[in-house]
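Inspection log for the structure reproduced underneath, given as structure tokens.
This is a predicted model, so every value here is computed, not measured. Start at 1 and go down the list; that is how both ligands and their atoms are numbered.
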Amino acid sequence: MAKEKSAIFIIFGGSGDLAHRKLYPSLFRLYKSGFLKDHFAVIGTARRPWSDDYFRETVVTSLKDYFDDSEEVMTEFAKHFFYQSHDVNDSEHYIALKNLASKLDDQFEAGHNRVYYMAIAPRFFGTVAEHINSEGLKASGYNRLVIEKPFGRDLDSACELNGNISKAFPENDIYRIDHYLGKEMIQDIPNIRKNNPKLEQALNNKYVSNIQITLAESLGVEDRGGYYETAGVLRDMVQNHIMQIIGAVASDEPESEDADVIHKNKTELFSSLKELSPEEVDQAFVRGQYDTDNLGDLKAYRQEDNVAEDSNIETFVAGKIEFDTDRWRNVPFYVRSGKRMPKKSSRIDIVLNDQVKELGIRPNSVVTLLIERENGHSILINGVNYKEAGQDFIKFPEEAEFDKAREAYESLIIDILSGNRVHFTLWDELRSTWKYIDTIRQRWDSQTPEFPNYLSGSMGPDASEMLLERDGNSWVWDD
Ligand SMILES: NC(=O)c1ccc[n+]([C@@H]2O[C@H](COP(=O)([O-])OP(=O)(O)OC[C@H]3O[C@@H](n4cnc5c(N)ncnc54)[C@H](OP(=O)(O)O)[C@@H]3O)[C@@H](O)[C@H]2O)c1
């Protein structure tokens, strides 16, 4: 049985895309499952002068894209929604927000808890956090600040952003969302490790040949060319999602389930990232940008809307990451992410060596954790569903339980309401990962790439294959 939570949500950017496509549907799921019931309200804020009624209509309209519940249920849910027109730079507006929040707190008996959700551009995060503090919006229960990536675009800007928000909120009240940490498989990795002692025993440089992480997309940048021009796949996928996935697979097993202990182990892993010299970047990382496909039907990246004709932004990256720890020294973590690859696939391939026979595992076995299930499967051993693989070193809850998996945002919002910080990114982790990524970015920015260098629908530039071949390895996933 879901335990009902109480809070007032203040959503900055309440009229935007993220709010309508992700947050409101997730809140609705929580409403249907009973986590949210009577004691909550949502204040949407943005500059446009909407009324409460109009705002509720937009919420119901968005829900209809995802749910087939009756309009009556959706309308009942939307009665918890209120709109306050607000410009983030105007101090007066925060007073109006504060008054509305405390009125709704009384009306819905919301326990004086506040969730401040930044569904706005990152350049506003600091301003909003400072005003929440200076205009006295914080209530007597908990006050939790939720921010979305990107957390800066390099170490300096991340430090500046963090400096601004941490003046107003202690680290313990800051929930930095990386939605990959809300995905069921990523959340299950600690359980898989704990419940499969042979696998856990094998997770080190004695038994692992290499670990591969692939986050491949078949689509191009679609209508997000403007954003992508400021980011590129290194910043958009590697600094955050890929690093956090490595954290889940390779951090030491925590002695307890306490969030601080789990984060301590992850922080230690990231602080041992083996630094690269500029010349080593050329050896260890490959970048690419998509061209049209082999029929010439699809747009090349440089032809996309809001993209410069001579853009040097990368849409593909492959790299070899290493850690300087006793456990992982000399084990390459090959990572890869790209747009316009043959199909969407998000997977972790753990390639074991021949020594694993000591543990009763067939030599050179590959354990694949599928982050999004493919053909109903979640874990493969040598490409076959683990249940049919004829090796029993992996046991996992029944697939049926998987079917009930929560959508990532839904699961993360429950964590925020419960004060569970396990699945969020901490500042110390960000600092180490940005430092590592900055070295690559700076090297790339000092050289002009020969773009475009891979066809849409291909596995990326040839250099991606060569990166592994040089070490006598190859990508497990090759479509
Ligand atoms: N969309 C996604 O799937 C997604 C995924 C991951 C992360 N994010 C991050 O989430 C954030 C929001 O993205 P989005 O795609 O939802 O953007 P969006 O659709 O452009 O929404 C931005 C929101 O901010 C409001 N806003 C803009 N200027 C304002 C101001 N001066 N004062 C008050 N409100 C203002 C806008 O409303 P008005 O114009 O009415 O003010 C709108 O509600 C960004 O940080 C983005 O990087 C988004």
Side-chain angles (χ1 to χ4, degrees), residues 9-27 42-52 54-59 61-62 65-66 81-97 100 115-132 135 137 145-153 157-158 161-162 164-165 174-183 215 217 219 221-233 235-241 244 306 337 339 407-410 412-413 416 424-425 430:
F9 294 83
I10 304 182
I11 307 212
F12 295 90
S15 61
D17 175 71
L18 178 75
H20 281 85
R21 261 186 338 104
K22 296 286 182 191
L23 303 187
Y24 303 151
S26 300
L27 292 175
V42 180
I43 305 175
T45 109
R47 288 166 306 178
R48 64 199 75 179
W50 283 356
S51 65
D52 288 344
Y54 185 77
F55 179 43
R56 288 170 190 164
E57 269 176 45
T58 69
V59 172
T61 305
S62 312
D65 288 342
Y66 303 94
F81 282 64
F82 299 81
Y83 187 80
Q84 172 77 55
S85 180
H86 166 102
D87 186 308
V88 292
N89 295 306
D90 187 334
S91 301
E92 289 296 308
H93 287 180
Y94 291 88
I95 308 285
L97 261 184
L100 178 59
V115 174
Y116 309 94
Y117 202 116
M118 306 279 201
I120 43 169
R123 67 180 184 282
F124 296 139
F125 292 172
T127 310
V128 174
E130 281 170 28
H131 278 92
I132 289 171
E135 307 311 322
L137 261 77
L145 181 74
V146 186
I147 61 179
E148 285 277 345
K149 73 161 199 184
F151 311 118
R153 55 190 325 275
S157 57
L161 173 62
N162 199 58
N164 289 338
I165 59 173
I174 302 173
Y175 290 72
R176 297 180 191 84
I177 289 203
D178 181 321
H179 71 275
Y180 271 76
L181 293 180
K183 290 181 186 280
L215 301 182
E217 292 175 59
L219 294 176
V221 290
E222 307 300 292
D223 56 1
R224 299 187 75 216
Y227 162 72
Y228 216 74
E229 283 283 275
T230 66
V233 68
R235 286 194 180 102
D236 199 42
M237 302 297 281
V238 182
Q239 183 274 328
N240 34 51
H241 310 317
Q244 288 295 332
N306 302 316
S337 182
K339 294 199 176 283
E407 203 265 334
Y409 273 89
E410 186 188 351
L412 293 173
I413 294 171
I416 294 162
F424 298 85
T425 308
L430 276 175

Just to confirm, does any protein heavy atom lie below 4.0 Å from atom 20 (O) of ligand 1?
no

Close approach of R21 to ligand 1, heavy atoms, under 4.0 angstrom:
yes

Got a donor-acceptor contact below 3.5 angstrom from the N164 side chain to the E130 backbone?
no

Give the residue and atom name of whichever protein heavy atom lies nearest to atom 18 (P) of ligand 1, and the separation in Å to one decimal.
D17 N, 4.0 Å

Element-labelled atoms of ligand 1 that are located less than 4.0 Å from some non-hydrogen atom of P150
47 (O)

Distance col, row F124:CZ vs M118:CE, nearest 0.5 angstrom, shows 11.5 Å

Please report the interatomic distance CD1(I132) to CG(L145), rounded to the nearest 0.5 Å.
6.0 Å

Residue, atom name and distance, where the atom is the protein heavy atom closest to atom 36 (C) of ligand 1
S15 OG, 3.9 Å

Do the ring centers of F9 and Y116 come within less than 6.0 Å of each other?
no

For ligand 1, which atoms, with element, lie under 4.0 Å from some heavy atom of H86?
32 (N), 33 (C)

Students should be able to answer this: which protein heavy-atom is nearest to atom 13 (O) of ligand 1, and at what distance?
L18 CB, 4.2 Å

Protein residue, atom and distance nearest to atom 9 (C) of ligand 1, heavy-atom basis
K149 O, 3.7 Å

V88 N/O to ligand 1 N/O under 3.5 Å
yes

Return a yes/no value: protein heavy atom under 4.0 Å from atom 1 (N) of ligand 1?
yes

May I ask you to list the atoms of ligand 1 that are less than 4.0 angstrom from any heavy atom of G16?
16 (O), 19 (O), 21 (O), 42 (C), 43 (O)

For atom 30 (C) of ligand 1, find the nearest protein heavy atom and state the residue, atom name and distance (0.1 Å precision).
R47 CD, 3.5 Å

Just jot down the side chain to side chain contact (heavy atoms under 4.5 Å, CB included) partners of T127, sequence neighbours excluded, or say none.
N89, H131

Could you tell me, atom by atom, which parts of ligand 1 come under 4.0 Å of a heavy atom of P122?
45 (O)

Taking everything shown except Y54 itself, do over 12 heavy atoms lie less than 6.0 Å from its OH?
no

Starting from atom 44 (C) of ligand 1, what is the nearest protein heavy atom, named by residue and atom, and what distance separates them?
I120 O, 3.2 Å

heavy-atom search around atom 38 (P) of ligand 1 in the protein gives R48 NH2, 3.5 Å

Main-chain N/O of S85 paired to R47 side chain as donor or acceptor, under 3.5 Å
no

Considering only non-hydrogen protein atoms, determine which one is nearest to atom 22 (C) of ligand 1 and report residue, atom name and distance to 0.1 Å.
A119 O, 4.0 Å

Could you go through V221 and Y227, starting from their C-alpha distance and side-chain angles, then the distance that decides it, and tell me whether this counts as side chain to side chain contact (heavy atoms under 4.5 Å, CB included)?
CA-CA 9 Å; V221 290; Y227 162 72; over 6 Å; no

Minimum heavy-atom separation for L161 and G152, please, with both atom names.
CD2-N, 3.7 Å

Out of H93, H20, E148, R123, indicate the one that has the non-hydrogen atom closest to atom 7 (C) of ligand 1.
E148

Only one of I416, I174, L181, D178 clears side chain to side chain contact (heavy atoms under 4.5 Å, CB included) with F424; which?
I416

Does even one non-hydrogen atom of F124 get within less than 4.0 Å of ligand 1?
yes

Paired with L18, the side chain to side chain contact (heavy atoms under 4.5 Å, CB included) test is passed by just one of H20, K22, R21, namely K22

N or O pair under 3.5 Å between A46 and ligand 1
no

Regarding N240 and R176, is there a side-chain donor-to-acceptor distance under 3.5 Å anywhere?
no

